[in-house]
Every structure is written in structure tokens, then in C-alpha cells.
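Presented below is the structure to which this report refers.
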Amino acid sequence: MNNIFFKTILKSIFVVWCISLIGCSSGGKSTSNERRANNEELIFVNFRDIRDLNPHLYVGEMYAQEMLYETLINIGKNGYEPCLAESWEITDGGKVYTFNIRKGVYFSDGEICDANAIKANFDAILENKARHTWLEMMHILDKVEAIDDYTIRITLTSPYYPMLTELGVTRPFAMISPKAMKNGSTKNGVNEFIGTGPYVLKEFETDKYAIFEANTNYWGEAPKIKKIMVKVIPDNQTRLLALEKGEIDLIFGKNMLDSDAINKYKGSDKFVSSLSEPTSTRQIVLNTTHPILSDSKVRIALQHATDKKAISDGIFYGLEPPADTLFSKTIPYCNINLTPYEYNIEEAKKLLDEAGWIAGNDGVREKNGQKLHLSLLYNSDSVTEKTISEYLQAEYAKIGIQVNITGEEEQSYRDNMKAGNFDMIFNICWGSPYDPQSSLAAMRQRVYGDYEAQQGLHDKKEIDEAITKILLSVDEKERQTLYNFVLTRLHDDAVYIPLTYECNKAVYTADLKNVQFAQTQYEVPFWLMYFDIAN
């Protein structure tokens, strides 16, 4: 008991120390009404630094890139919307895309954003083509031409139905000022982070803060809040304490808040908690090249031993519904007839018996002198994955599987995932608007852990070939048939254990208005927000 008390005291001291650092880290005043009264400043928080915001690579924080850069089109609630392109036309059976570029748009350094600047961006992206080959577009892109100062034409060698989606998401097809490139190139870095978006990056200190200010050259409606301060606070509890002290205004993001925080502020008159519609699928990926997990009976046993409803109710208070399939039925092409793996401990035990794994005296199953030991890797930057890991560790022990759990910071976790250095690992589907096409397309390349995890499947080649046909198909009926085939194979192969359908989360001060969730879970629409301290 004394040891527990001692640890509690140490934790309290640590939290107080973190809070003191928050107040001292740059950014000026942390007081409330003065900066809010005239929409002078919003203070946001993230668990890590903004990192490299080069829009043609995949490192920087996407919410920050959305503030600085824009694409040819936007993906809104009702589909594709004009952005840097005012309009477009698709001809030659879906192989030619002609975009009419909006006039009067300038990068924040004063450089004009016309067809020539956009062509320079495509040239820079294509120079680093090997980095983007997970996009099928890269394999079929024939040429990009500036027809005149305000017309861009993209020609493909074959039709490609996700074309507009890939042009509309955050990266890599966001536009940076040609002046910010290094001799017309971006693959080895850029000189500055200069875009056409509603905000500009004014100042940052690594691992401490970043300051964004409204872009005075912005072509669209000017954002109401003039400055966005982003503080770096890795600890979940410290973030909540800073919110309650008025030192930050907004916590936003599915991994930035747990369900306890959402419930805590329900009904509060000082803070608002919000939850989006389901965005993506929280899942466990099973590595089929692992000697134990190569047996489909073991993988299916794990499916039956996973109580998704208990996870939904016990960890998420029902805020994240149980996931029966890899993609929610609300996702396009995914409302198909798949039989979920029901929670059934006895069935799980039976399958392990059939696979030759016999319960040992210590409760852990054995086969040919080998213990049934598996490891589960999670992202320690997520505030929920550790809790789920501990729950699953206890659940799987009931069927004789000993699971060792390990948490690693996000970059290390992703590096191990990409390299296939895992038995079981947490992952998510990409969410709207990337699903299902982008999540599936990436399975054919070493983008995340899917490619390595599927290498032990007897039908991996067939699955990959079907995914490629999906992306190139112009026949809606054929496309649905191919999706049925791929999704059924992945379901029957039991590579993925869907857990819950994730929701995006936000908690913020009650006088911050118009906080919305976008079509992509990675975007924070600061430019729509404003303060109203009168209410």
C-alpha cells in the first residue's frame, strides 16, 4: 500500500510540473477573455510536434498541412467541391481530366497560383514517384500539361475511378509555392512551408509550440480567428487539466481523448464534448507469416475469443460501436453479406484443440514442446490501446494463449508494422474518404502492416489482382462483384480482428462555436470556428 501511495504522489508531482511547463512555454498569455473577445487567438493542443510539413511527403501533422495547403478540389459532405480548380471535365472514357484553375489565387509568399505553379507541383511529386506507388494513379499517369495559364490537363493510360478522391485528400497532391521548392524539387525537403490555405505558419519551437496566423492573401472567406497557437502536451491527463485551467481551448482528435473525457464533460456548462459519426475501424492485424498465426484455425480462434461488445461497452461506454467486419456497412461497396465471428469461448477452445494446441499444466497451450505465446504491439501515443491490450491479454489467457503486450511511440510502432516485425498489432482502416479503395490499394505495397501480414495467405496473389481490377474498372456492377470477392476473402482468411468503429472526438470551451468534424478524420477546420463570449 505504501508503494502505491508513493507512486500516486510522484504522479501528482509530475502532472503539476507538466502544467507549470505549459504556462511557461512560448505563446504569451494563457488568460481567457482578452484573446477570445475579438477572436484574436485559439489555443489548440497536440500530443506531438507539427514535424515536417512538406505536403508532398508523409511525415507532418495532417491538421497543420490542411491549414497551410490546398488541393485542386475539396471533398465535402455532398461529394467533390471546387477549390483551386473552379470546375473540371472528365473525357475520353475517364482517361482525361481537365481542370479550370481559379483566378486571383496567390501563395502566402505572393507567388501566383496558376496552372504553371500547379504543373510545377505535379512535376515535383512525379520526380519522387517511387514514394507514391501505393497510389495506382502513379502507374497509369501518362502526362500532366499546363494547356494555358489557367488550364491543367491530366492524362491517364486507363480509367481510374478513385482519381478525384486522391487529388482531393491532404497529401501528396497539395500545392506548395514553387519558390519554396529546392530547385523545383520537394523530395529532399523544402525551403519554407508556403501554401494558399487560410493560415500561415509564423513561428514554432520543436516539441513545444507552433503559431499559425490568418493568411492575408487568402482567396476565400477569411478565418474569423486570427491566430492559432498549438501547444505540445503528450500526456492525456495534463491536457485535460490545461483545458480546465483555461490554458487551452480545444482538444480534438480520436487519439487525443478517451471515452472517460467525453463522458466527464457531458452536460457541462463550461465545456462541450462532441463525437463524430464512425470514421474508421479499430482492428488487430494478425501476421500470417508467423509460425503460429499461419494456421487459420488459430486466427479464427482469436476472432471467437474477442468480445467486441465488452470492449465497446466497458472501454468506450458504447460510444464506439462493436465492429463485425473490416469496414462498416455504411462505407461504399461494403454492405455485403458476411457472417460475423461471434464471441464464443468454447468454439475458440475447440479450434485450438483441432489445431493441435493442448492445454498445459500452467494453463498455456503447447504443441510439440512449444508454448502458445504471442506478442501484441500497440501505439503508446494512443490513450486507449494500452487498455484494450490489457483486456485482450486477460481474455486470450482464458483459451490458453499467453499474450505479451508492448507499447512503442508512434514512429517506432509504425516502422515495426511496415517491416512486419509483429505477431499481432493495432491498426485502423483509413476512414472516409479513403475507404475502401485506398485502404485496399495500400495492401499491395509495403505502406503499413497489411502487406507483410498477408504474405502467408494462399490467396494473396488473387486478392491483389482483384484490388487492381477494382481500381481500373469503369463498370459499377463489375466493381461491386470484385469488392465482394476481396472483402469475403479477407474476412474468411481472418487476417483482421475488427474491434470497434472509431469516432472522432472533441472537447472544448463552451464559448468556442462552430466546431465541426470534416469528411476526413485528420482535418481540424479551424477556419470555421469563432468565439462568442457573450453566451
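The pair R414-E408 does not count as a salt bridge, with every side-chain nitrogen at least 4.0 angstrom from each carboxylate oxygen. In this structure, E192 does not pair ionically with K182, as no charged nitrogen and carboxylate oxygen lie closer than 4.0 Å. Using a cutoff of 4.0 Å between basic side-chain nitrogens and carboxylate oxygens, D464 and R444 are not scored as salt-bridged. Classification of E465 and K469 as a salt-bridged pair fails, no side-chain N sitting under 4.0 Å from a carboxylate O. Salt bridge annotation for R299-D295: absent, with no cationic side-chain nitrogen under 4.0 angstrom from a carboxylate oxygen.
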Please list every donor-acceptor pair under 3.5 Å in which a side-chain atom of residues 155-167 meets a protein atom from a residue at least two apart or in another chain.
from	atom 1	to	atom 2	distance (Å)
T157	OG1	I140	O	3.3
Y160	OH	E166	OE1	3.2
Y160	OH	E166	OE2	2.5
Y161	OH	Y483	OH	2.4
T165	OG1	Y80	OH	2.7

Kindly list each side-chain donor-acceptor pair under 3.5 angstrom involving residues 362-369, sequence neighbours excluded, with atom names and distances?
from	atom 1	to	atom 2	distance (Å)
D362	OD1	V364	N	3.0
D362	OD1	K371	NZ	3.0
D362	OD2	K371	NZ	2.9
R365	NE	I399	O	2.6
R365	NH1	D353	OD1	2.7
R365	NH1	W357	O	2.6
E366	OE2	K371	NZ	2.7
K367	NZ	A355	O	2.8

Run the side-chain contact (heavy atoms from CB on, under 4.5 Å) check on Y413 and K418 step by step: do they pass? CA-CA 9 Å; Y413 147 86; K418 187 175 180 179; over 6 Å; no

Please report the C-alpha distance between E410 and R48 in whole Å, then the side-chain angles of each, then the deciding distance to 0.1 Å, and finally whether the side-chain contact (heavy atoms from CB on, under 4.5 Å) criterion is met. CA-CA 10 Å; E410 184 169 5; R48 66 181 173 194; 2.6 Å; yes

Verdict with supporting geometry, D313 and K309, side-chain contact (heavy atoms from CB on, under 4.5 Å): CA-CA 6 Å; D313 292 342; K309 188 174 188 308; 2.6 Å; yes

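Looking only at distances, no side-chain donor or acceptor of T406 sits under 3.5 Å from a matching main-chain atom of L377. Put simply, the side chain of K297 never gets that close to the backbone of L352: no donor and acceptor are under 3.5 Å apart. A donor-acceptor pair is defined here as one N or O able to donate and one able to accept, closer than 3.5 Å; such a pair exists between the side chain of T281 and the backbone of L326. Checked by atom type and distance alone, the side chain of N287 pairs as donor or acceptor with a backbone atom of F422 at under 3.5 Å. Checked by atom type and distance alone, the side chain of S280 never pairs as donor or acceptor with a backbone atom of W430 at under 3.5 Å. Proximity of a side-chain donor or acceptor of E70 to a complementary backbone N or O of A174 within less than 3.5 Å is not detected.
Looking only at atom types and distance, the side chain of S375 has a donor-acceptor partner in the side chain of D423 under 3.5 Å away. Using modelled atom types, one finds a donor on one side chain and an acceptor on the other under 3.5 Å when comparing T170 with E66. For the residue pair S185 / E127, a side-chain donor-acceptor distance below 3.5 Å is found, with atom types taken as modelled. Remark: the K254 side chain and the Q521 side chain contain an N/O donor-acceptor pair separated by less than 3.5 Å.
Under the ring-ring contact (aromatic ring centres under 6.0 Å, His included) test applied with H491, the options Y496, Y341, F485 reduce to a single match, Y341.
Ring-centre distance between H132 and F173: not below the 6.0 Å cut-off.
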